[in-house]
A.B. asks: 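Quick one: structure below, then a few questions.
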Amino acid sequence: MTTSGTPTAAPQPAEEPALHRAIGPKLLILFVIGDILGTGIYATTGKVAGKVGGALWLPFAIGFVVAILTAASYVELVGKYPKAAGAALYTQKAFKTPFLTFIIAFMVMCSGLSSASAAARAFSGDYLAELTGDALPPTLIAITFIVLLAALNMRGVSESVKTNVVLTLVELTGLAIILGIGAYAVLSGDGSPSRLTEFEAGGGTAYALMTGVLGATALGFFAFVGFEDSVNMAEETKDPVRTFPRAIFIGVAVTGTIYVLVALVSSLLVDSDTLAGSSGPLLEVVKAGGVDFPHKLFALIALFAVTNSALINIMMASRLCYGMANERILPRAMGRVLSKRRTPVVGIVFVSVLAIGLVSTGEIEGLGDTTAFLLLCVFAVVNVAVLVLRKDRVDHAHFRTPTALPVLGAITALILASPLADRPAEVYIRAGVLIAIGVVLWVVNRAVMRGRDEE
């Protein structure tokens, strides 16, 4: 890893007031970890097992490598352009094509919605049933969950980084319980180590095995998304050029290690069929672990984790919608705010309606896969953008990733986004419908703006 440029501080535009730089290195690391942890590992572990079998750890290990490759590109770009705009900013700087920039921004927004919808489905599943029984239909619970999150957003939710630290610690506690149960099982001689090398995705051919593993990896990659959101904190981080490389790499490494260990424990204690059939797979691990840990308490921790993921994603999507409206790339009406609460009312309603549509037509596996697919497409563009922007020199030192990493990052992201990953057609259709909605809004907005210019 090398640096590029003269080691001087990044300039701040004099005409624009700077955001308060309150986030230090430790808080940023916890923020990255908290952003990655959540619905993915708590809800989709079983679905990944259903695709690959007992070798559940392998897709998470491969997903960790892919995440590190793309994280290296984000680290270079956020150090080079320490602004709170993320993939859309890098796309515009690299390709200078407003429509492509819009599509990337809209895909990021939609990935947040599909992630929140997967969390809503996870909330309405076995974790909640452990506490309340099967009193209401899961779809109704998931829709109600989205409506309540929308109401909370409408009222005005102030999320601080310190609150995120508390939420992260709760989520980590749940995973630490799983690892503790796994350690106890190993020391007690329980579990079935032979399952760790069982592949049920082979179907008798090497090609079927490859597509099965790729499909499991693509779905498992849902658990790693979130680190890309942290770049939006660049303008509120102390010395982001120095802080971000360490924070993102440590955050991805910590979560990746935890995920692989949790996958090993899950497969060791529970067979893949049981995991695949559960919407609360880690609760199955707790039940099978031989440790007298309250099942309801773990279910509550899991519900807390998926709720936090959904709330953060709904907030991100509504604010991104609001921001695009203010930049005049979505209809201006979508930037309207409540006069008293100062919350983006139209943006919240719009993203909530889309989320309700998603939870009404999809399950955890399909929604998680849609999230991963959308972001894998975005990551492919970001990995190419970092190479294109090598010609753009800046006057401050910044992290520079070896050229091989973004090349490999783009290739692996495209492979995992391709049909080679054995992804159901419904995922491509769902993603296509979401993007088509964005294109329609783009066209309508362009027509309205052209009409105003002609008046």
Side-chain angles (χ1 to χ4, degrees), residues 37-51 56 114-152 167 170-178 180-182 219-220 222-223 262-263 265-267 269-314 355-371:
L37 291 177
T39 304
I41 192 66
Y42 277 94
T44 61
T45 302
K47 308 307 177 186
V48 175
K51 284 180 173 286
L56 176 58
S114 55
S115 178
S117 300
R121 276 292 185 180
F123 185 92
S124 66
D126 290 344
Y127 292 125
L128 183 63
E130 180 67 27
L131 295 176
T132 64
D134 300 318
L136 293 172
T139 300
L140 178 60
I141 295 173
I143 292 173
T144 303
F145 180 77
I146 293 294
V147 171
L148 290 175
L149 289 182
L152 191 59
L167 304 180
V170 173
E171 293 171 350
L172 279 170
T173 298
L175 298 178
I177 291 167
I178 296 295
I181 288 173
L219 177 57
F222 173 46
V262 168
V265 170
S266 299
S267 188
L269 296 179
V270 185
D271 66 89
S272 58
D273 289 338
T274 301
L275 288 172
S278 175
S279 58
L282 298 191
L283 183 59
E284 300 295 337
V285 177
V286 173
K287 291 178 178 179
V291 176
D292 189 20
F293 187 88
H295 299 166
K296 292 185 183 297
L297 177 58
F298 185 84
L300 186 63
I301 291 172
L303 289 175
F304 189 87
V306 299
T307 299
N308 184 47
S309 295
L311 179 59
I312 289 174
N313 278 288
I314 288 287
I356 289 172
L358 289 171
V359 299
S360 301
T361 58
E363 299 295 336
I364 293 174
E365 182 175 351
L367 294 169
D369 212 349
T370 302
T371 303

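Numbering of residues begins at 1 and proceeds along the displayed sequence.
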A.B. asks: Test side chain to side chain contact (heavy atoms under 4.5 Å, CB included) on Leu282 and Leu175; report intermediate values, then the result.
C.D. replies: CA-CA 9 Å; Leu282 298 191; Leu175 298 178; 3.9 Å; yes

A.B. asks: With sequence neighbours excluded, give me every side-chain hydrogen bond (donor to acceptor under 3.5 Å, both in side chains) pair touching residues 281-295.
C.D. replies: Glu130-Lys287

A.B. asks: Quick one: closest heavy-atom pair of Ile181 and Gly289, and the distance?
C.D. replies: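 Looking at all heavy atoms of both residues, the shortest contact is CG2-CA, 3.4 Å.
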
A.B. asks: Indicate yes or no: at least one non-hydrogen side-chain atom of Ser272 is less than 4.5 angstrom from one of Leu56.
C.D. replies: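 Result no, sub-4.5 Å side-chain heavy-atom pair not found.
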
A.B. asks: Which pair of non-hydrogen atoms, one from Val270 and one from Ala288, has the smallest distance, and what is that distance?
C.D. replies: CG2-CB, 3.9 Å

A.B. asks: So which atom in Ala355 and which in Ser117 form the shortest heavy-atom distance, rounded to 0.1 Å?
C.D. replies: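 Residues Ala355 and Ser117, closest heavy atoms: O-OG, 3.4 Å.
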
A.B. asks: I would like to know whether Thr307 and Phe145 meet side chain to side chain contact (heavy atoms under 4.5 Å, CB included); could you show each step before the answer?
C.D. replies: CA-CA 9 Å; Thr307 299; Phe145 180 77; 3.7 Å; yes

A.B. asks: Return yes if some donor-acceptor pair links the side-chain N/O of Arg121 with the main-chain N/O of Ala142 below 3.5 Å, else return no.
C.D. replies: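 No; judged by distance alone, with no hydrogens or angles, the pair does not exist.
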
A.B. asks: May I ask you to test the Leu358-Leu367 pair for a side-chain heavy-atom distance under 4.5 Å?
C.D. replies: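 With C-beta onward as the side chain, the pair touches.
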
A.B. asks: Are any side-chain N or O atoms of Ser278 and backbone N or O atoms of Leu275, one a donor and one an acceptor, separated by less than 3.5 Å?
C.D. replies: no

A.B. asks: For Gly368 versus Ala118, what's the shortest heavy-atom pair and its separation?
C.D. replies: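 Where Gly368 meets Ala118 most closely, the heavy atoms are N-CB, 4.1 Å.
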
A.B. asks: Kindly give the heavy-atom pair with the smallest separation between Gly50 and Ala276, and that separation in Å.
C.D. replies: CA-CB, 3.6 Å

A.B. asks: Indicate whether the side chain of Ser115 and that of Thr371 have a donor and an acceptor atom separated by less than 3.5 Å.
C.D. replies: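 Side chains of Ser115 and Thr371: no pair found under 3.5 Å.
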
A.B. asks: Report yes or no: does Ser279 contribute a side-chain atom to a donor-acceptor pair with the main-chain N or O of Asp126 at less than 3.5 Å?
C.D. replies: yes

A.B. asks: Step by step, work out the side chain to side chain contact (heavy atoms under 4.5 Å, CB included) result for Val285 and Val262.
C.D. replies: CA-CA 10 Å; Val285 177; Val262 168; over 6 Å; no

A.B. asks: Considering only residues two or more places apart or on different chains, which pairs with a residue in residues 356-370 satisfy side-chain hydrogen bond (donor to acceptor under 3.5 Å, both in side chains)?
C.D. replies: Asp369-Arg423, Thr370-Arg430

A.B. asks: What is the minimum heavy-atom distance between Ile178 and Val286, and which atoms define it?
C.D. replies: CD1-CG2, 3.7 Å

A.B. asks: Taking side chain as C-beta onward, heavy atoms only, is Asn308 less than 4.5 Å from Val170?
C.D. replies: no

A.B. asks: How long is the span from the CD1 atom in Ile141 to the CG atom in Leu148, to the nearest 0.5 Å?
C.D. replies: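 One gets 11.5 Å once the value is rounded to the nearest 0.5 Å.
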
A.B. asks: If you measure from CZ on Phe298 to CG on Leu303, what distance do you get to the nearest 0.5 Å?
C.D. replies: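 Atom-to-atom, Phe298:CZ and Leu303:CG are 10.5 Å apart.
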
A.B. asks: Got a second to check how far Leu269's CG is from Thr274's OG1, nearest 0.5 Å?
C.D. replies: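 Rounded to the nearest 0.5 Å, the CG-OG1 separation comes to 12.0 Å.
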
A.B. asks: Only one of Leu37, Ile301, Val306 passes side chain to side chain contact (heavy atoms under 4.5 Å, CB included) with Glu171; say which it is.
C.D. replies: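 Passing option: Leu37.
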
A.B. asks: Is a donor on one side and an acceptor on the other found under 3.5 Å between the side chain of Tyr127 and the backbone of Tyr42?
C.D. replies: yes

A.B. asks: Apply the test side chain to side chain contact (heavy atoms under 4.5 Å, CB included) to residues Val147 and Ile356: give CA-CA distance (whole Å), side-chain angles for both, the deciding distance (0.1 Å), then the verdict.
C.D. replies: CA-CA 8 Å; Val147 171; Ile356 289 172; 4.0 Å; yes

A.B. asks: Can any side-chain N or O of Thr44 pair as donor or acceptor with the backbone N or O of Gly40 at less than 3.5 Å?
C.D. replies: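 Answer holds: yes.
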
